[in-house]
There are 2 protein chains.
Amino acid sequence: MTDTDASPGPVGIVEVAALAGVSPATVSRALRGIPGVSTATRQLVQKAAADLGYVASPQASALARGRTSAIGVLAPWISRWFFTAVIEGAQDVVTARGYDLLLYPLGANAGPDAQPVDTRGLHKRVDGVLGLNVPVTMRPATLKTLAAPLVTVGSTIPGVPGVRVDDQLVGYLAARHLIDLGHRRIAFLGLDPDDMYGFTVARDRHTGYCRALAEAGLPTHPADVEITGFAVEAGEAALEHQLAIADWDPAALPTAIVAVSDEVAMGVLYAARHRGIRVPQDLSVVGVDNHDLSHLFDLTTVGQPVRQQGAIAAQMLLDLIDGRGVGGGEPVRLLEPGLVVRNTTAPPRAH
Amino acid sequence: MTDTDASPGPVGIVEVAALAGVSPATVSRALRGIPGVSTATRQLVQKAAADLGYVASPQASALARGRTSAIGVLAPWISRWFFTAVIEGAQDVVTARGYDLLLYPLGANAGPDAQPVDTRGLHKRVDGVLGLNVPVTMRPATLKTLAAPLVTVGSTIPGVPGVRVDDQLVGYLAARHLIDLGHRRIAFLGLDPDDMYGFTVARDRHTGYCRALAEAGLPTHPADVEITGFAVEAGEAALEHQLAIADWDPAALPTAIVAVSDEVAMGVLYAARHRGIRVPQDLSVVGVDNHDLSHLFDLTTVGQPVRQQGAIAAQMLLDLIDGRGVGGGEPVRLLEPGLVVRNTTAPPRAH
DNA sequence: CTGTTAGCGCCTTCAC
DNA sequence: GTGAAGGCGCTAACAG
């Protein structure tokens with residue numbers, strides 16, 4: 001395995017061709033595993049390429065083939081654990097197939113007054129797009145001008161293939177767990193700020209929560225449902241707000257809380273601790289995600305396979321790019337969530 | 001602002017040229033803000049381009065200019081908070097300058113028996129590389145074949161420009177804070193697994209810690225320094241190990257701990273809680289980073305400006321790419337860490 | 001100030 | 001099974 005190229009000039013396909021004593025066309029064919037090249041020639045070329053340390057220019061290749069060998073990740077931002085975990089899952093798959101991953105964080109553009117994302121020309125950069133909780137503001141016209149296959153992870157867009165966890169089941173499992181423990185007044189902290197992102201996630205989880213309550217014959221109290229988004233701070237604020245509504249009497253709080261994400265749950269735990277509310281004795285809390293750090297809080301949560309969603313979505317996207325439709329079935333793959341019981345849930349205090 | 005292009009065929013530079021009644025070359029010049037185009041013509045072209053929804057093909061442009069307008073991020077992995085925060089900081093800067101960000105996680109290749117990273121051809125994909133805690137295994141020959149400007153963040157490579165926090169000062173501030181509180185036996189949990197990554201980070205922080213102890217005339221006890229890496233689990237394990245060494249007698253533990261990262265500190269806090277060791281009454285803990293979630297643990301920590309490091313590094317890299325050397329001075333920018341006192345540190349128990 | 005002429009490096013018809 | 005020619009879409013160097 002020779003690993004040096006002392007050649008000063010950049011090595012292109014012609015250099016390899018010269019060394020191997022064949023034409024550039026043959027080099028191209030040989031190196032890409034295209035049939036119609038004798039085994040002997042192929043090996044000869046491969047050796048020459050290796051000796052020279054040749055790697056085809058992605059730009060030139062892209063220009064000639066009309067393919068970029070890159071896929072883009074569209075996400076509101078990336079510093080939330082969920083997104084990076086999905087990206088890692090996707091990365092493995094696309095890398096193995098020779099694709100690069102481009103980051104397109106929407107940043108400020110994910111907010112309520114987001115500009116319609118300019119996706120024109122995106123298809124010139126990437127062969128496909130992975131949309132992580134793509135905001136509603138993207139849908140109207142921009143998606144049409146995207147002109148590249150799109151697969152979503154998390155929040156779903158009608159008519160667009162995607163991967164997500166069964167969010168209604170998520171909400172159901174969380175609420176059901178609390179009901180089974182004996183709770184009868186359960187809050188849901190986690191509706192989306194009005195149309196902020198257009199996530200279907202929060203709404204679906206709320207729906208599942210409502211179903212569990214209904215099944216158990218429990219009433220739903222409007223004040224027990226809060227709009228939070230997914231951030232830690234929102235969880236803190238929501239518990240404070242609940243306290244305020246309860247006239248600062250902890251005993252008047254719901255006895256249990258379903259948080260839309262582990263981050264929100266962490267915020268709730270934090271606020272509870274600082275208010276002297278004991279978890280789980282005074283208040284039970286369930287999160288969602290099984291965040292990498294959730295075990296540090298002994299947080300009971302409804303886990304979802306995050307990296308796996310990224311991997312599956314990437315696979316679907318690559319298949320789409322290759323013309324293979326999403327493997328004959330539903331366009332949206334639903335994964336199963338699973339309850340992870342730790343220590344932030346317990347039966348309610350006896351009155 | 002017309003925003004539709006009903007034209008079926010893809011619009012290229014010639015279409016725009018035709019509509020504007022000029023040559024492709026003029027379109028190219030006008031759209032890229034190159035001087036030597038009359039204001040009238042420029043506006044004409046811009047209007048035509050807008051009407052057609054034209055965006056130049058990055059590949060074609062790259063091929064013609066010999067520039068990719070992309071920069072690569074080389075990192076062990078991305079799901080650690082530090083890395084994503086750095087990336088976000090960098091993203092803003094590069095995006096504003098029209099560059100894309102490519103992800104090159106080293107993945108399994110970051111481990112002790114990592115393959116020398118294959119960076120040949122990387123320069124064909126990107127104009128520059130941002131190295132986040134690039135492992136030692138990359139240094140030998142691979143860096144030479146990189147053939148593209150490199151700027152590091154975090155761990156430094158001799159002779160390579162970079163941005164990092166003053167890690168010795170980090171270690172010093174953490175230890176000094178504990179000393180000032182009255183602690184006399186302070187552990188350091190955080191040396192790197194032997195040469196695993198070749199980070200300079202851990203070593204430097206340890207050096208600062210030693211200096212603070214020496215200044216205070218305190219002895220350093222070898223058993224009080226542990227190899228952990230940067231992960232949560234390592235923090236848990238390290239405290240368990242400390243307990244084992246102390247024959248499971250909490251009173252025989254050091255009274256304070258400097259953890260190399262907030263994640264390690266979180267692990268320590270978790271283990272302490274489960275062992276009934278009270279923080280900060282029985283044990284003080286200081287972390288490093290000021291992680292987004294560290295306030296949830298009331299964690300005292302030595303904060304560093306993470307996103308800012310990403311932004312500065314990106315700026316340096318772009319300057320390097322543009323031929324402007326790193327603005328006349330040290331090749332490595334040192335940022336100041338700052339102690340953030342919360343509630344995991346207190347004076348030691350009186351004997 | 002603007003147009004014309006050559007490529008950038010590779011891939012893909014077509015011939016052989 | 002292999003080679004020769006043309007072009008992917010844009011930009012840079014030279015004219016004018």
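If you're wondering where the values come from, they're calculated on a predicted model, not measured in any experiment. Lettering of chains follows the sequences in order, A, B, ..., and the numbering in each one begins at 1.
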Atom pairs, protein N/O to nucleotides 14-16 of chain C N/O, distance under 3.5 Å:
none

For this session: Would you check if A:Thr152 and A:Arg164 make a side-chain contact, meaning some heavy-atom pair closer than 4.5 Å?
Result: no
For this session: Please give the angle, rounded to 10 degrees, between the axes at the start and the end of the helix from C:dC1-D:dG16 to C:dC16-D:dG1, where five pairs define each axis.
Result: 30°
Exercise. Can you check whether B:Ser57 has a side-chain N or O nearer than 4.0 Å to OP1 or OP2 of D:dC10?
Worked result: no
Exercise. Does the side chain of B:Asp51 come within less than 4.5 Å of B:Lys47's, by heavy atoms?
Worked result: yes
Exercise. Any side-chain donor paired with an acceptor under 3.5 Å for A:Arg97 and A:Gln315?
Worked result: yes
For this session: Please examine the side chains of A:Tyr99 and A:Thr68, heavy atoms only from C-beta on, and report whether any two atoms are closer than 4.5 Å.
Result: no
For this session: Please tell me which of the listed nucleotides, D:dG3, D:dG1, C:dC10, lies nearest to the side chain of B:Lys124?
Result: C:dC10
Problem set entry | Between C:dG9 (P) and A:Arg32 (CZ): distance, integer Å | 18 Å
Problem set entry | Spacing of A:Leu31 atom CG relative to C:dC11 atom C1', expressed in whole Å | 13 Å
For this session: Would you indicate which nucleotide in D:dG3, C:dC11, C:dT4 comes nearest to any side-chain atom of A:Ala64?
Result: C:dC11
Problem set entry | Touch class at under 4.0 angstrom, heavy-atom based, for A:Val22 against every strand present | sugar-phosphate
For this session: Dump the intermediate steps for side-chain contact (heavy atoms from CB on, under 4.5 Å) on B:Val86 and B:Arg307, then the final yes or no.
Result: CA-CA 5 Å; B:Val86 169; B:Arg307 286 177 177 78; over 6 Å; no
Exercise. Counting N and O atoms only, with roles assigned by atom type, does the side chain of A:Glu88 sit under 3.5 Å from a partner on the main chain of A:Ala85, one being a donor and the other an acceptor?
Worked result: no
Seminar exercise, completed: The nucleotide from D:dT2, C:dG3, C:dT2 with an atom nearest the side chain of B:Thr41 is C:dT2
For this session: Indicate the atoms forming the closest heavy-atom contact of B:Arg42 with B:Gly33, along with that distance.
Result: NH1-CA, 3.3 Å
Problem set entry | A:Ser61 vs C:dG9: side-chain N/O to OP1/OP2 distance below 4.0 Å | no
For this session: Scan A:Ala56 against the nucleic acid and name what it touches under 4.0 Å (heavy atoms): base, sugar-phosphate only, or nothing.
Result: sugar-phosphate
Exercise. Relative to the 5' end of DNA chain C, which residue comes earlier, B:Leu63 or B:Gly21, by the nucleotide with the nearest heavy atom?
Worked result: B:Gly21
Exercise. Are the side chain of B:Asp127 and the backbone N or O of B:Ser69 linked by a donor-acceptor pair below 3.5 Å?
Worked result: yes
For this session: Could you check how far CG of A:Leu52 sits from C1' of C:dG9, rounded to whole Å?
Result: 15 Å
Seminar exercise, completed: A:Arg42 CZ to D:dT2 P, in whole Å, measures 9 Å
For this session: Indicate whether OP1 or OP2 belonging to C:dG9 is found under 4.0 Å from a side-chain N or O atom of A:Tyr54.
Result: no
Exercise. Where the side chain of B:Ser38 is defined as all heavy atoms beyond and including C-beta, which of C:dC1, D:dG3, C:dG9 is the nearest nucleotide?
Worked result: C:dC1
Exercise. Which is true for A:Gly12 with a 4.0 Å heavy-atom rule: it touches a base, it touches only sugar-phosphate, or it touches nothing?
Worked result: sugar-phosphate
Problem set entry | Test log, rule side-chain contact (heavy atoms from CB on, under 4.5 Å), inputs A:Leu122 and A:Tyr104 | CA-CA 10 Å; A:Leu122 196 53; A:Tyr104 286 102; 3.6 Å; yes
Exercise. If you check every side-chain atom of B:Ile13, which of D:dT11, C:dT2, C:dC11 has the closest atom?
Worked result: D:dT11
Exercise. Counting just side-chain N and O atoms, does A:Ser28 come under 4.0 Å of either OP1 or OP2 of C:dC11?
Worked result: yes
Seminar exercise, completed: Testing D:dA12, D:dG3, C:dC10 for proximity to the side chain of B:Arg65, the answer is D:dA12
Exercise. By ring pair (Phe, Tyr, Trp, His ring centres under 6.0 Å), which residues pair with A:Phe82, not counting sequence neighbours?
Worked result: none
Exercise. From D:dT2, D:dT11, D:dG3, pick the nucleotide closest to the side chain of B:Pro24?
Worked result: D:dT11
For this session: Would you kindly give the CG-to-C1' distance between A:Leu44 and D:dG3, to the nearest whole Å?
Result: 16 Å
